Enquirer: 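My questions all concern the structure below.
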Amino acid sequence: MLLPLSPLDAYSALLQTSPLATKAATQSLIWGVGDVLAQQREREGEREGELDWSRTSSFALTGLGSGAAWTLWYDVADAITAPLQDDAVLRTLAACSLEQFCFCPVIFATYQIPCAVLQNGGRIDEIPAAVQARILDLLVANAKLWT
């Protein structure tokens, strides 16, 4: 007789069998729920209105791509820093440095900022200027928060 898995056991099993899809879907869910909460907060003090499900879908889709990209990055970073596995401090410093100076500039300039421009009604031809205007501040804020 098979016993049903608890939600946590089921999620753990999915992480083992389909890590990329599971992590991307998790990120998508987090971004979607985050947008719903943000919309509710934006409406505080106002009459209850309908949620903008199109906006939520856009955020969830962006989260899906982000989740996939970060999952792949961490696999690459693990492989690059594997020779340092005997020195946890050095490996952590190397992984953080690679993330901050190699991956973050790429993912922000080619994915996060362009998605934000398009989600806010911008046009594709506005993306290069937005990247140039926002990238440095975003990298500094990211380094302060995540490092």
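Fair warning: this is a prediction, and the values are worked out from it, not measured in the lab.
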Enquirer: Check whether Ser66 reaches the backbone of Thr62 with its side chain - one donor and one acceptor, N or O, closer than 3.5 Å.
Expert: no

Enquirer: For Pro83 and Ile80, work out which heavy atoms get closest and say how close.
Expert: CD-O, 3.3 Å

Enquirer: Looking at Ser57 and Trp53, would you say the former's side chain and the latter's main chain have a donor-acceptor pair under 3.5 Å?
Expert: yes

Enquirer: My understanding is that only one of Val36, Ile30, Leu29 makes a side-chain contact (heavy atoms from CB on, under 4.5 Å) with Val33; could you say which?
Expert: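 Testing each of Val36, Ile30, Leu29 against Val33, the sole residue satisfying side-chain contact (heavy atoms from CB on, under 4.5 Å) is Leu29.
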
Enquirer: For the hydrophobic clusters of this structure (ILVMFWY residues joined by side-chain heavy atoms under 4.5 Å, transitively), does one cluster hold both Leu61 and Trp31?
Expert: no

Enquirer: Contact between Ile113 and Ile127 at the side-chain level, heavy atoms closer than 4.5 Å - yes or no?
Expert: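 Ile113 vs Ile127: side chains apart.
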
Enquirer: Leu72 and Ile107: same hydrophobic cluster, using ILVMFWY side-chain contacts below 4.5 Å?
Expert: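 No, Leu72 does not connect to Ile107 through the hydrophobic network.
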
Enquirer: Are there more than 12 heavy atoms of other residues, nucleotides or ligands under 6.0 Å from atom CD1 of Ile124?
Expert: no

Enquirer: Are Arg134 and Val117 side-chain neighbours, meaning at least one heavy-atom pair lies under 4.5 Å?
Expert: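 A side-chain contact exists here, since the closest heavy-atom pair is under 4.5 Å.
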
Enquirer: So how far is it from Trp70 CH2 to Lys23 NZ, rounded to the nearest 0.5 Å?
Expert: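 Between Trp70 CH2 and Lys23 NZ, I get 13.5 Å after rounding to 0.5 Å.
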
Enquirer: Tell me whether Thr71 contacts the main-chain N or O of Gly67 through its side chain, where contact means a donor paired with an acceptor under 3.5 Å.
Expert: yes

Enquirer: Could you tell me whether a side-chain N or O of Ser28 sits under 3.5 Å from a main-chain N or O of Ala60, the two making a donor and an acceptor?
Expert: yes

Enquirer: For the atom pair CG (Asp52) and CG (Asp35), what is the distance rounded to the nearest 0.5 Å?
Expert: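 Result: 7.5 Å between the selected atoms.
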
Enquirer: To the nearest 0.5 Å, what is the distance between CG on Asp137 and CG on Asn142?
Expert: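 So the CG of Asp137 and the CG of Asn142 are separated by 12.5 Å.
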
Enquirer: Do Phe101 and Leu90 sit in one hydrophobic cluster, given that two such residues count as connected whenever their side-chain heavy atoms are within less than 4.5 Å of each other, even indirectly?
Expert: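 Shared cluster, no.
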
Enquirer: Taking side chain as C-beta onward, heavy atoms only, is Arg91 less than 4.5 Å from Asp78?
Expert: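 They are in side-chain contact.
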
Enquirer: Any side-chain heavy-atom pair from Gln39 and Arg43 closer than 4.5 angstrom?
Expert: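 Counting from C-beta outward, Gln39 and Arg43 do come under 4.5 Å.
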
Enquirer: Quick one: does Thr81's side chain have a donor or acceptor within less than 3.5 Å of a partner on Leu84's backbone?
Expert: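 Between the backbone of Leu84 and the side chain of Thr81 there is no qualifying donor-acceptor contact (under 3.5 Å).
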
Enquirer: Does CD in Gln132 sit with more than 12 non-hydrogen atoms of other residues, nucleotides or ligands closer than 6.0 Å?
Expert: no

Enquirer: Ring-plane angle category for Trp73 and Phe103, please: parallel below 30°, perpendicular beyond 60°, tilted otherwise.
Expert: parallel

Enquirer: Search all heavy atoms of Ala109 against all heavy atoms of Ile135 and return the closest pair with its distance.
Expert: N-CD1, 3.9 Å

Enquirer: Does one hydrophobic cluster hold both Val106 and Tyr111, with members joined at side-chain heavy-atom distances below 4.5 Å?
Expert: no

Enquirer: Give the cluster check for Leu118 versus Phe59: same hydrophobic cluster or not, with ILVMFWY residues linked at side-chain heavy-atom distances below 4.5 Å.
Expert: no

Enquirer: Considering only heavy atoms from C-beta outward, does the side chain of Tyr11 approach that of Thr22 to under 4.5 Å?
Expert: yes

Enquirer: Taking all heavy atoms of Gly63 and all of Gln27, pick out the closest pair and write down the distance.
Expert: O-CG, 3.1 Å

